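Everything quoted here is computed from the prediction, not taken from an experiment. Numbers here are sequence positions counted from 1.
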Amino acid sequence: MLQLHSFLLYTHILAGALAMVLFVIPMVARKGSLNHRKYGRFYTYTMYVLAISALVMSVMVLVAPTYFKGQLINQSTSPEDTLATVRMFWTLLLFLSLLTFTSIHHANRVLQTKGNRAPLRKWHYVAMPVLLMVVASVLFVQGILMAQHALVSPYLHFIFAVLGIVNGYQMLSYIFSQNVASNRWLIEHLSSMCGSGIAVYTAFFAFGARHALAHIGQWQLLFWVMPGVLGGVAIYFYSKKYEALNVRKGV
């Protein structure tokens with residue numbers, strides 16, 4: 001099992017590095033162009049690998065934390081607190097993995113179905129944003145516990161709990177709203193793509209680069225939150241741009 005975890009970890013790191021590069025190309029390329037479609041597909045496949053590998057690793061650690069993180073726990077001066085921290089840390093990774101998978105899958109499916117939302121109303125599809133909101137709620141509860149016991153800073157848990165609930169609600173709103181604008185699927189596609197990018201860059205700063213940023217203390221929270229802020233601005237920009245097209249068309 002440790003070998004499987006190591007294989008998934010290296011696969012995840014490779015996919016993450018590739019995804020961070022590929023994300024930029026379709027975002028800056030002209031929408032609908034050959035480069036946008038081609039590199040968008042490469043990015044989508046890479047993100048599926050990234051998300052699934054992280055999801056499996058997260059479940060493995062959360063199910064058996066003393067097996068996969070036993071050395072870290074046993075060497076700690078406070079094993080119980082370290083075990084609690086490991087669980088909270090990997091719950092956050094589970095959430096980011098789920099956010100990544102849900103976002104990229106939603107972006108891909110709305111592009112395929114376009115104005116037809118009927119395929120999105122099947123239970124197995126609806127389950128994804130619902131599960132995202134459930135895990136986000138768990139994050140929020142963990143944040144409260146972290147604040148009470150002063151284990152680690154709870155702010156990241158609170159921030160991403162709100163982000164997960166909002167993202168899940170927006171997906172469900174698109175799926176079940178009676179009437180939506182004719183190009184709402186395009187807004188959903190772009191915003192979900194940006195959401196997946198937020199997740200991958202946040203995971204990089206929160207996990208991959210945490211040791212390099214450790215010397216700046218609480219200021220590292222700025223780097224963890226920054227992808228979400230910049231991504232939120234991008235989502236707002238694209239949404240307003242394509243909503244304006246509807247207004248001009250009288251939709």
Side-chain angles (χ1 to χ4, degrees), residues 1-17 19 47-104 128 131-165 167-168 195-196 198-214 220-221 223-225 227-228:
M1 293 300 288
L2 288 174
Q3 290 181 336
L4 175 60
H5 186 273
S6 296
F7 171 77
L8 290 171
L9 177 60
Y10 289 120
T11 302
H12 178 77
I13 292 172
L14 179 62
M47 289 296 283
Y48 275 130
V49 174
L50 176 76
I52 293 172
S53 60
L55 278 168
V56 175
M57 283 192 296
S58 300
V59 172
M60 291 169 74
V61 173
L62 289 171
V63 169
T66 56
Y67 177 76
F68 291 102
K69 299 298 177 181
Q71 185 177 2
L72 176 66
I73 295 169
N74 294 332
Q75 292 178 349
S76 172
T77 56
S78 179
E80 290 185 1
D81 287 346
T82 303
L83 177 60
T85 301
V86 166
R87 284 173 172 156
M88 292 177 180
F89 198 66
W90 282 84
T91 301
L92 178 59
L93 180 57
L94 175 67
F95 167 79
L96 289 172
S97 307
L98 189 60
L99 175 63
T100 302
F101 183 87
T102 304
S103 297
I104 199 67
M128 288 188 292
L131 181 60
L132 180 66
M133 296 173 73
V134 170
V135 177
S137 300
V138 172
L139 273 189
F140 192 86
V141 173
Q142 283 191 343
I144 295 174
L145 295 174
M146 291 162 67
Q148 290 176 344
H149 297 284
L151 293 174
V152 289
S153 175
Y155 298 116
L156 205 60
H157 276 60
F158 288 140
I159 291 170
F160 283 104
V162 173
L163 177 65
I165 292 171
N167 274 22
S196 70
I198 291 172
V200 71
Y201 278 95
T202 300
F204 169 74
F205 285 115
F207 295 91
R210 68 182 185 277
H211 296 299
L213 299 173
Q220 63 186 300
L221 288 173
F223 289 89
W224 296 352
V225 175

Within residues 137-146 or reaching into it, pairs that qualify as side-chain hydrogen bond (donor to acceptor under 3.5 Å, both in side chains) - sequence neighbours excluded: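 As it turns out, the side-chain hydrogen bond (donor to acceptor under 3.5 Å, both in side chains) pairs with a partner in residues 137-146, which skip direct neighbours, are T91-Q142, Q142-H157.
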Candidate pair I165 and F140, rule side chain to side chain contact (heavy atoms under 4.5 Å, CB included), full reasoning: CA-CA 10 Å; I165 292 171; F140 192 86; 5.8 Å; no
Option from L163, L92, V134 for which side-chain contact (heavy atoms from CB on, under 4.5 Å) with L139 holds: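 Passing option: L92.
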By side chain to side chain donor-acceptor pair (under 3.5 Å) - contacts of S196 (at least two apart):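 Y43.
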Those residues that, when tested against T82, pass side chain to side chain donor-acceptor pair (under 3.5 Å) (two or more places apart):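 Listed in chain order: S76.
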Identify every side-chain donor-acceptor pair in residues 59-71 under 3.5 Å, counting partners at least two apart or on other chains, and give the distances.
none

Steps toward side chain to side chain contact (heavy atoms under 4.5 Å, CB included) verdict (N167, T102): CA-CA 9 Å; N167 274 22; T102 304; over 6 Å; no
Interatomic distance, I73 atom CD1 to L83 atom CG [nearest 0.5 angstrom]: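 Rounded to the nearest 0.5 Å, the CD1-CG separation comes to 4.5 Å.
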Nearest atoms (heavy-atom pairs only) where G168 meets L132: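 That would be N-CD2, 4.1 Å.
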Any donor-acceptor N/O pair, H12 side chain to L50 backbone, under 3.5 Å: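 Present.
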For Y48, all residues meeting side-chain contact (heavy atoms from CB on, under 4.5 Å), sequence neighbours excluded: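 Y48 satisfies side-chain contact (heavy atoms from CB on, under 4.5 Å) with T44, F101, I104, H105, N108 only.
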Can you give the donor-acceptor pairs under 3.5 Å from side chains of residues 3-10 to other protein atoms, not counting sequence neighbours?
unit_1 : atom_1 : unit_2 : atom_2 : d
S6     : OG     : L2     : O      : 3.0

